[in-house]
Amino acid sequence: EEEEEEEGGVFSQSSQVTILLDPAAQPPQAQLDGEISPKAEESGGKLALDLRLSSSNASSMPELLEQLWKARADKKKLRKSIREFEDEFYQQNGRNVQKEDRAPMMDEYKEYKRIKAKLRLLEVLISKQDSSKSI
């Protein structure tokens with residue numbers, strides 16, 4: 001938004017920059033405050049940060065591969081933890097885990113889902129770099 005004021009025949013311009021955040025990526029309270037809550041930064045923010053870091057032109061193939069290896073290792077650890085929880089639940093209850101039964105491990109399930117998304121992104125970025133080298 002620009003405002004022009006005439007002061008003795010001289011025009012001065014003042015500019016104001018407004019940064020809009022995606023309201024869908026924030027919890028309802030953050031939408032009202034205009035701030036990103038720590039919880040929003042932890043969930044969507046981590047992935048958004050990962051996506052920006054991974055997709056920047058500064059990310060070289062070795063950096064992408066290193067991120068891929070770390071993400072795979074993290075996924076493997078989480079999957080093992082989740083599998084142990086599900087097996088123990090089955091032993092105790094005689095049935096498979098339902099969505100509502102996941103509450104004690106909700107953080108692990110969410111992190112596992114985030115890492116899977118990161119892996120898909122990294123694989124696409126790596127394949128893009130591979131294909132751009134061959135062109």
Side-chain angles (χ1 to χ4, degrees):
E1 192 178 313
E2 292 184 5
E3 296 176 10
E4 295 181 349
E5 298 175 7
E6 186 173 343
E7 295 177 4
V10 179
F11 288 93
S12 66
Q13 293 184 347
S14 64
S15 297
Q16 182 180 7
V17 177
T18 304
I19 299 174
L20 299 175
L21 300 174
D22 181 8
Q26 300 176 36
Q29 183 61 36
Q31 291 175 19
L32 298 174
D33 295 345
E35 297 176 4
I36 299 176
S37 71
K39 190 169 188 171
E41 287 178 357
E42 288 174 11
S43 60
K46 272 187 186 176
L47 183 57
L49 181 62
D50 291 341
L51 300 182
R52 273 184 265 126
L53 290 174
S54 300
S55 63
S56 71
N57 290 334
S59 293
S60 65
M61 183 62 84
E63 290 169 338
L64 290 173
L65 289 172
E66 183 178 346
Q67 286 185 32
L68 181 72
W69 296 326
K70 285 180 181 177
R72 283 182 177 163
D74 291 344
K75 180 184 171 193
K76 188 175 180 179
K77 287 178 193 172
L78 280 170
R79 184 66 198 132
K80 184 178 180 184
S81 169
I82 290 170
R83 175 67 66 194
E84 287 171 359
F85 166 74
E86 290 175 348
D87 289 345
E88 186 178 320
F89 184 91
Y90 185 82
Q91 292 297 322
Q92 291 176 353
N93 300 294
R95 62 180 177 87
N96 289 332
V97 175
Q98 301 297 309
K99 203 167 195 174
E100 58 272 6
D101 300 322
R102 295 179 180 176
M105 297 284 286
M106 192 52 68
D107 290 342
E108 286 83 352
Y109 279 99
K110 286 181 180 179
E111 182 69 7
Y112 183 77
K113 186 176 179 179
R114 185 191 71 79
I115 289 175
K116 282 177 57 175
K118 181 178 179 178
L119 281 169
R120 284 191 299 272
L121 171 77
L122 287 167
E123 289 165 355
V124 168
L125 290 171
I126 289 169
S127 69
K128 270 188 175 181
Q129 282 202 5
D130 278 344
S131 65
S132 67
K133 285 181 181 178
S134 63
I135 293 175

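Numbering starts at 1 and runs along the sequence shown.
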With heavy-atom distances below 4.5 Å as the criterion, would you say the side chains of S60 and Q129 are in contact?
no
Rounded to the nearest 0.5 angstrom, the CG-NZ distance for D74 and K116 is 15.0 Å
Looking at side-chain heavy atoms only, is the closest gap between D130 and M61 below 4.5 Å?
yes
Please list, chain by chain and in numerical order, all residues satisfying side chain to side chain contact (heavy atoms under 4.5 Å, CB included) with R72, sequence neighbours excluded.
L68, L119, E123
Is Y90 close to V97 at the side-chain level, that is, under 4.5 Å between some pair of heavy atoms?
no
Any E88 side-chain heavy atom under 4.5 Å of Q92 side chain:
yes
Taken to the nearest 0.5 Å, the spacing of F85 CZ from Y109 OH works out to 5.5 Å
Side-chain donor/acceptor of S81 to backbone N/O of K77, under 3.5 Å
no
Taking atom NZ of K110 and atom CG of L78, what is their separation to the nearest 0.5 Å?
14.0 Å
Here the pair of heavy atoms bringing Y112 nearest to I82 is CB-CD1, 3.9 Å
Taken to the nearest 0.5 Å, the spacing of E84 CD from K80 NZ works out to 5.5 Å
Single-linkage hydrophobic cluster, 4.5 Å side-chain cutoff, V124 and L64 together
no
Filter on salt bridge (Lys or Arg N to Asp or Glu O under 4.0 Å), then keep only pairs touching residues 96-108, sequence neighbours left out; what's left?
R95-D101
Pairwise side-chain contact, K118 with Q67, heavy-atom cut-off 4.5 Å (strictly under)
yes
For the atom pair OG (S131) and CD1 (I126), what is the distance rounded to the nearest 0.5 Å?
12.0 Å
